[in-house]
Amino acid sequence: MTPEALFHELLGLGLNWEVSASRFEPASSTVFLELRERPSLWESARCPQDGGRVFCYDHPEELTWRHLNVFQHRCEIHGRLPRGKCRQCGHVFRVRPPWEGLSIHFTKEFEAFALLLIREMPMAKVAEVTQESDMRLWRMLFKHVEGAYGQADFSQVCCVGVDEMGMRKGQHYLSVFADLVAKRVLFATEGRDQETWSAFIQALEAHNGHRHALTQVSMDMSRAYQQGVKKNCRNVQVVFDKFHVLAHASQRVDQVRRAELRLGGAEARESLRRSQWLWRKNPENLSPQEQVRLVKIQTRNLYTAKAYQMRLVLQDIYRSPSAHVAQRRFRAWCRWVRWVARRSRAWIFSPMLKVAQLVQNHLAGILAHWKWGLTNAFMEGLNSVFSAVKRRARGYRSPVYLITMLYLVAGKLRLPHT
Ligand SMILES: [Zn+2]
């Protein structure tokens, strides 16, 4: 068997194409394969416009496709692709060879391999490993994700979660919408206002979903999202998810800590310095040293410790067996926070009073957690997925890169797209 015949078999070229030459260049460690069509191609090729019979029109400039390495050596396919011309309508068209991927620089096999790498490591690293230009790889990725996303079907979507994710330090946010049942990202867009919701609804309906098929939406308590839902969806029960309620409470505890650090006595300042991480965790997640420190701080009767306790009690309410019990406990919690605030210096607890106000104002949405049994576990997990996505797209500033990478990693798309 000649090397050309061997490569013909390995590439699975079939009857219409052949390897006309193969050579290895040690200096560049590259295997070059010259490919061309066989006359039989013109017996089966048809005009893309009307299906008419075609003949070979010409062979314009030579093209190169990157293929999978042969052993450790780079492999390139070269060839002058023929153009066909229709006997009926005279249409001239480029013949698409069977090995070509979605981008004209890579073969299908190379693209499939590169997609696997891109899922696992930063794009800059993939470019280094494959010795390809990062922009070519990005363009290839865009084509696959766009193609696969275009075919995604959202007709079964009924439970949606939405969350905002920070793109960079500063005020740049993506709103990410996910299907909480199928556990996949549906849509992401820049911004976090009412328009964000309209954009999502448009995408949903472009993929066979329907706005009034949505029955549950899990989200934070931002007014823009609430208005967006109200404006677009008729049958939705909004669920304010546990994660955001507790995160909100944690932030307020931190405000109390900072106020106390600023205005409290020397003892308070000494206790609270560099303690912010302590108050963000649950007691069971603290290291032994942190636990000792926490116990020590708690004996000092600080406002921060009280606020922390309020947060823990709030969290414990989420263990209630029913919405009915939870409702009673949420109300009691609000009364308790107000009572404590009144009894002590109210201004330092004002952040906690805000939490109480928030809970009271959004109680129906908060209690929907029990009715629907919706935990936002998927959205929470998405935060770490998103961090990984940011690492993969590090160094590329436009949100398009991030969104494409997010769809690749968490969109459950059919890839490679063909
Ligand atoms: Zn034609």
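Counting starts at 1 for both ligands and their atoms, following the listed order.
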* Full working for side chain to side chain donor-acceptor pair (under 3.5 Å) between Arg311 and Gln251 -> CA-CA 10 Å; Arg311 201 266 279 167; Gln251 276 173 16; over 6 Å; no

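- For the residue pair Glu34 and Ser20, no side-chain donor N or O sits within less than 3.5 Å of a side-chain acceptor on the partner.
- When each of Glu260, Arg258, Arg257 is tested with Thr304 by the rule side-chain hydrogen bond (donor to acceptor under 3.5 Å, both in side chains), just one qualifies, namely Glu260.
- Around the Zn ion (ligand 1), the two atoms SG of Cys89 and SG of Cys47 are separated by an angle of 110°, to 10 degrees.
- Within the coordination shell of the Zn ion (ligand 1), defined by N, O or S atoms under 2.8 Å, His91 is absent.
- With Arg66 as the fixed residue, the side-chain hydrogen bond (donor to acceptor under 3.5 Å, both in side chains) test singles out one of Gln131, Glu132, His105: Glu132.
- For Asp50, the N, O or S atom with the smallest separation from the Zn ion (ligand 1) is OD1.
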